[in-house]
Amino acid sequence: FENDYEYYVKNGTQTLTNGDGSKGGKFYYKNGELDSSYVSWHPNGKVQTEGKYVNGEKEGIWKYYYASGKISEQEIYKDGKLNGKDLMYFENGDVSREYNYKEGNLQGELKYFGDNNQLILQFYYKDDILIGYGYLDKAGNLLPMNALEKEAGTVDAFYKNGTKSAHMAFVDGNTVG
């Protein structure tokens, strides 16, 4: 890698190379903090990550890519915190998960999708606390939220054809087992 320093503090461009010698990353420092555009590449030359820093904090839209060049995730930052919709993608381009953030905390729905963009399971969050879940009924309608007391309980969800889509247990908002 290559850095620019001024009085022992990073200032200017930092360039990284991958183990095979290909370009690996290029970003900028101002007074020792990341500032401005940030880009990294897979060894095959395709972009891996692109985004922007302002005074050492992520800002705006950040995108991550599979080695194939297809997008794997897009997230939005404000003042270094996730803020807004965060989308994760299967390599075929379909959405696999959809998160909603407010000032760095999960807020509202977190959706998991399966084949053909079918909703597998939907979690509900309030201020980063898991409060419940839902799934589709046989007619394809989202059922009312099933509450999870104290971020704990067993979650069973089903595809609209009646086949189980998910089974998991939670303790303190974390999956167990």
Side-chain angles (χ1 to χ4, degrees), residues 1-114 117 119-133 148 151 168 170-176:
F1 62 91
E2 185 178 309
N3 285 320
D4 290 331
Y5 284 87
E6 187 175 310
Y7 303 107
Y8 304 102
V9 176
K10 287 182 185 178
N11 269 303
T13 306
Q14 179 171 357
T15 305
L16 301 176
T17 55
N18 291 315
D20 64 358
S22 64
K23 64 182 176 180
K26 187 173 186 176
F27 25 96
Y28 304 88
Y29 282 88
K30 183 178 177 183
N31 298 321
E33 293 188 332
L34 285 163
D35 197 75
S36 191
S37 64
Y38 178 101
V39 181
S40 66
W41 291 272
H42 289 283
N44 68 5
K46 296 196 184 255
V47 173
Q48 181 177 30
T49 306
E50 61 184 351
K52 177 182 171 185
Y53 280 95
V54 174
N55 298 320
E57 303 283 350
K58 286 183 174 182
E59 187 69 31
I61 296 173
W62 277 71
K63 294 181 181 180
Y64 306 87
Y65 299 89
Y66 291 104
S68 66
K70 294 186 177 186
I71 192 162
S72 66
E73 184 175 8
Q74 177 176 303
E75 55 193 16
I76 302 169
Y77 285 86
K78 184 177 180 186
D79 300 323
K81 295 179 181 177
L82 285 165
N83 202 58
K85 195 170 284 193
D86 180 340
L87 297 171
M88 296 184 79
Y89 299 87
F90 294 113
E91 198 157 0
N92 70 4
D94 291 343
V95 174
S96 66
R97 285 180 249 168
E98 180 180 311
Y99 301 81
N100 288 292
Y101 286 94
K102 184 177 180 184
E103 298 177 1
N105 293 319
L106 281 166
Q107 188 71 29
E109 298 87 16
L110 184 162
K111 299 175 183 178
Y112 285 85
F113 297 93
N117 294 316
L119 181 69
I120 295 174
L121 181 61
Q122 180 166 303
F123 290 107
Y124 296 91
Y125 284 85
K126 183 175 181 181
D127 300 325
D128 219 30
I129 295 172
L130 178 63
I131 60 171
Y133 72 98
L148 289 173
E151 297 186 282
M168 57 189 75
F170 285 88
V171 174
D172 295 326
N174 297 307
T175 54
V176 294

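What you see below is based on every heavy atom in this structure, not just the backbone, and it leaves out hydrogens, waters and symmetry mates. Start at 1 with the first residue, then count along the sequence.
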Is the closest side-chain heavy-atom distance between Val95 and Met88 below 4.5 Å? no

Listed by chain and number, what are the salt bridge (Lys or Arg N to Asp or Glu O under 4.0 Å) partners of Lys23, not counting sequence neighbours? none

Compare all side-chain heavy atoms of Lys63 with those of Glu73 and state whether any distance is below 4.5 angstrom. no

As an exercise, state the distance from CG of Asn83 to NZ of Lys58, rounded to the nearest 0.5 Å. 14.5 Å

Measuring from atom CD1 of Ile71 to atom OH of Tyr66, what distance do you get when rounded to the nearest 0.5 angstrom? 10.0 Å

So Tyr28 and Ser37, do their side chains get closer than 4.5 Å, heavy atoms only? yes

Straight-line distance of Asn100 CG to Leu110 CG, nearest 0.5 Å: 8.0 Å

Residue pair Phe27, Leu16: steps toward the side-chain contact (heavy atoms from CB on, under 4.5 Å) verdict: CA-CA 9 Å; Phe27 25 96; Leu16 301 176; 3.5 Å; yes

Verify, without hydrogens or angle tests, whether Asp20 (side chain) and Ser22 (backbone) share a donor-acceptor contact under 3.5 angstrom. yes

Quick check on Asn117: does its CG atom have over 12 non-hydrogen neighbours (other residues, nucleotides or ligands) under 6.0 Å away? yes

Is any side-chain heavy atom of Leu130 closer than 4.5 Å to a side-chain heavy atom of Phe170? yes

To the closest 0.5 Å, what do you measure between CG (Asp128) and NZ (Lys102)? 13.0 Å

Could you state the interatomic distance from NZ (Lys111) to CZ (Phe113), rounded to the nearest 0.5 Å? 5.5 Å

Could you tell me which non-hydrogen atom of Leu82 sits nearest to which non-hydrogen atom of Asp86, and how far apart they are? CD2-OD2, 4.4 Å

When you look at Tyr29 and Leu34, which way does the side-chain contact (heavy atoms from CB on, under 4.5 Å) test go after all the steps? CA-CA 4 Å; Tyr29 282 88; Leu34 285 163; 3.6 Å; yes

Counting C-beta onward and ignoring hydrogens, is there a side-chain heavy-atom pair between Gln48 and Tyr65 closer than 4.5 Å? no

Sorted by first residue and then second, give each salt bridge (charged side-chain N to carboxylate O under 4.0 Å, His left out) pair with at least one member in residues 38-52; sequence neighbours left out. none

Ser68-Glu91 side chain donor-acceptor pair, cut-off 3.5 Å: yes

Nearest heavy-atom approach of Asn11 to Asn31 is OD1-N, 2.6 Å

Between Gly32 and Val9, the two heavy atoms sitting closest are N-CG1, 3.2 Å

Give the C-alpha distance, both sets of side-chain angles, the deciding distance and a yes or no for ring pair (Phe, Tyr, Trp, His ring centres under 6.0 Å) between Trp62 and Tyr53. CA-CA 10 Å; Trp62 277 71; Tyr53 280 95; 5.2 Å; yes

Quick test of your reading of the model: are Lys85 and Glu98 salt-bridged, counting only N-O distances below 4.0 Å? yes

Is any side-chain heavy atom of Tyr101 closer than 4.5 Å to a side-chain heavy atom of Leu106? yes

Tyr89 vs Ser96, test: side-chain contact (heavy atoms from CB on, under 4.5 Å). Steps then yes/no. CA-CA 5 Å; Tyr89 299 87; Ser96 66; 5.6 Å; no

With no hydrogens and no angle check, is any side-chain donor or acceptor of Ser72 less than 3.5 Å from a backbone partner on Tyr64? yes

Testing the 3.5 Å rule here: is there a donor-acceptor pair between the side chains of Tyr125 and Glu109? no

Once rounded to the nearest 0.5 Å, what's the spacing between atom NZ of Lys26 and atom OG1 of Thr17? 13.5 Å

Are Glu57 and Asp79 close enough that some pair of their side-chain heavy atoms sits under 4.5 Å apart? no

Please report the C-alpha distance between Arg97 and Tyr112 in whole Å, then the side-chain angles of each, then the deciding distance to 0.1 Å, and finally whether the side-chain contact (heavy atoms from CB on, under 4.5 Å) criterion is met. CA-CA 5 Å; Arg97 285 180 249 168; Tyr112 285 85; 3.2 Å; yes

Are Met168 and Leu121 side-chain neighbours, meaning at least one heavy-atom pair lies under 4.5 Å? yes

Does one side chain, of Gln122 or Tyr124, offer a donor that lies under 3.5 Å from an acceptor on the other? yes

